[in-house]
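First the structure, in the form of structure tokens, and then the observations on it.
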Amino acid sequence: FEMTKSAEKSKRRGDVTSYCDWMSQLPPELHNIPLFNLAIPGSHDSMSYDLDINSAIIEPDNLKRLSKIYCARKIVRKWAITQEETITKQLDAGVRYFDLRIARKRNDTNPTRLYFHHGLYTLTDVETVLNIINDWAERHPKEILILALSHFKGFDKKIEEHLHIHLINFIKTLFRAKLFHKMDIPTLKRCWDQGRNVIVSYDYPANQHPELWSKITYHYGKSMDPTKVKSELRRALETRRPLPC
């Protein structure tokens, strides 16, 4: 009963009562603010919780030759993990910007299978994770997700264009009408009215698709200390604001 009463009070004040659906609970005065003027929580190297200790080392370059040494891979994995929670738990906790670094494994028998990376490859492939995100977005239509795909390691020149075409087509087919196009400035209300709650940032120069955005600027706190993160973000926002893409 006390919890219910407390929740009712919060609702009357306009407080967010669930991180899982916090965007839908924001007050009306924020509904028409461009998304790039809102503070949106994101995760750095979002898939690094899933790094495969048995994979080859793909960065830093000077450690690649040590890929066959377990201790070297263990050290790289410890350095590279920036997230402990799964992508679903991050979504449920309120994360709405995802830093997704893409890579292709050398000599993979599947010519278009891609993974995420940070020092090592992930265990889970890109298409599986994007399907998980799409299912979550389907259940939470008022939560706007920003997926930032970048780096594209292992995209050799001979197959680079083919891999990008395959991945872009997969994204467009999977998310379909959920994709918010780059011709318009996204606000909560505009996204909700159009029924579009996924923004895909695709950091590749040849990207000419209206459904996909170019690189979206984000601010990185560079610390595990919440006080330092707030201070750094405040300083960054006061001196430079991310530009709309």
Side-chain angles (χ1 to χ4, degrees), residues 16 18-23 35 38-60 63 67 70 72-105 113-137 139-140 143-154 167 171 174-175 197-203 213 215-233 236 242:
V16 171
S18 166
Y19 294 131
C20 197
D21 293 290
W22 67 267
M23 283 183 158
L35 290 186
L38 296 178
I40 298 175
S43 59
H44 178 63
D45 282 298
S46 306
M47 283 299 299
S48 59
Y49 65 87
D50 191 52
L51 296 177
D52 182 5
I53 191 68
N54 294 312
S55 90
I57 297 172
I58 57 173
E59 59 180 352
L63 293 183
S67 286
Y70 175 79
R73 300 196 305 271
K74 189 176 179 181
I75 291 168
V76 169
R77 188 174 183 273
K78 185 177 180 181
W79 159 80
I81 291 177
T82 62
Q83 305 300 327
E84 296 177 348
E85 302 293 354
T86 67
I87 210 78
T88 302
K89 287 186 177 179
Q90 291 180 43
L91 284 160
D92 289 343
V95 174
R96 296 294 175 263
Y97 177 100
F98 295 89
D99 173 19
L100 303 172
R101 306 183 183 205
I102 312 299
R104 181 178 182 271
K105 288 183 179 179
R113 182 164 50 199
L114 301 170
Y115 292 84
F116 302 97
H117 75 90
H118 190 219
L120 303 167
Y121 297 99
T122 55
L123 287 160
T124 313
D125 66 90
V126 167
E127 293 186 11
T128 297
V129 172
L130 292 183
N131 269 298
I132 291 169
I133 293 172
N134 181 59
D135 289 344
W136 195 95
R139 298 192 302 272
H140 303 268
E143 300 303 299
I144 317 304
L145 310 182
I146 302 171
L147 312 180
L149 280 65
S150 65
H151 288 64
F152 306 109
K153 289 266 189 180
L167 180 55
I171 289 168
L174 177 66
F175 294 110
N197 66 331
V198 177
I199 294 172
V200 174
S201 160
Y202 200 93
D203 189 15
W213 295 57
K215 185 176 182 179
I216 294 177
T217 304
Y218 71 98
H219 297 304
Y220 176 41
K222 298 182 182 179
S223 174
M224 294 292 287
D225 182 342
T227 304
K228 289 182 180 178
V229 171
K230 287 180 182 178
S231 176
E232 169 61 23
L233 293 180

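The first residue in the sequence is number 1, and the count goes up from there. Because only heavy atoms are used, hydrogens play no part in the values below, and waters and symmetry mates are left out as well, while side chains stay in.
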Mutual orientation of the aromatic rings belonging to His118 and His44 [parallel < 30°, tilted 30-60°, perpendicular > 60°]: perpendicular
Check whether any side-chain heavy atom of Asp50 lies under 4.5 Å from a side-chain heavy atom of Phe116, and answer yes or no. no
Just say parallel, tilted or perpendicular for the rings of His117 and His151, cut-offs at 30° and 60°. perpendicular
Residues Tyr115, Met47; criterion side chain to side chain contact (heavy atoms under 4.5 Å, CB included); working and verdict: CA-CA 10 Å; Tyr115 292 84; Met47 283 299 299; over 6 Å; no
Using 0.5 Å steps for rounding, measure from the CG atom of Leu120 to the CD1 atom of Ile57. 6.5 Å
Give, for atom CH2 of Trp22 and atom SG of Cys20, the distance between the pair rounded to the nearest 0.5 Å. 12.5 Å
Any sub-3.5 Å donor-acceptor pair from Asp99's side-chain atoms to Gly42's backbone N or O? no
I'd like to check Val126 versus Leu149 (side-chain heavy atoms, cut-off strictly below 4.5 Å). Are they in contact? no
Hey, does Trp136 have a side-chain heavy atom less than 4.5 Å from the side chain of Ile87? no
List the atom of Arg96, the atom of Tyr19, and the distance in Å for their closest heavy-atom pair. NH2-O, 3.2 Å
Heavy atoms of Ala137 and Leu145 approach each other most closely as CB-CD1, 3.9 Å
Determine the minimum heavy-atom distance between Trp79 and Pro60, stating which atoms define it. CZ3-CD, 4.3 Å
CZ-NZ distance between Arg113 and Lys105, expressed to the nearest 0.5 angstrom: 7.5 Å
Okay, side chain of Ser48, backbone of Thr82: is any donor-acceptor separation there less than 3.5 Å? yes
Once rounded to the nearest 0.5 Å, what's the spacing between atom CD1 of Ile58 and atom OH of Tyr121? 4.5 Å
Between the OG1 atom in Thr86 and the CD1 atom in Ile132, the distance rounded to the nearest 0.5 Å is 8.0 Å
side-chain contact (heavy atoms from CB on, under 4.5 Å), paired with Leu147, selected from Ile216, Ile171, Leu100: Leu100
Within the side chain of Asn134, is there an N or O that forms a donor-acceptor pair under 3.5 Å with the backbone of Leu130? no
Quick one: do the Ser43 and Gln90 side chains pair a donor with an acceptor below 3.5 Å? yes
Side chain to side chain contact (heavy atoms under 4.5 Å, CB included) between Phe152 and Leu114, intermediate numbers included: CA-CA 9 Å; Phe152 306 109; Leu114 301 170; over 6 Å; no
Got Leu91 and Phe98 here, is their nearest side-chain heavy-atom distance under 4.5 Å? yes
Give a yes or no answer on whether the side chain of Asp45 reaches the backbone of Ala80 with a donor-acceptor pair at less than 3.5 Å. no
CD1/Ile81 to CZ/Arg77 distance, rounded to the nearest 0.5 angstrom? 3.5 Å
Give the C-alpha distance, both sets of side-chain angles, the deciding distance and a yes or no for side chain to side chain contact (heavy atoms under 4.5 Å, CB included) between Met23 and Ile40. CA-CA 9 Å; Met23 283 183 158; Ile40 298 175; 4.2 Å; yes
What do the steps show when you test Ile146 against Tyr218 for side chain to side chain contact (heavy atoms under 4.5 Å, CB included), and what is the final call? CA-CA 11 Å; Ile146 302 171; Tyr218 71 98; over 6 Å; no
Among Leu51, Ile53, Asp52, the one residue meeting side-chain contact (heavy atoms from CB on, under 4.5 Å) with Arg73: Ile53
Closest heavy-atom pair, Pro41 versus Ala39, reported as atoms and distance to 0.1 Å, is CD-O, 3.8 Å
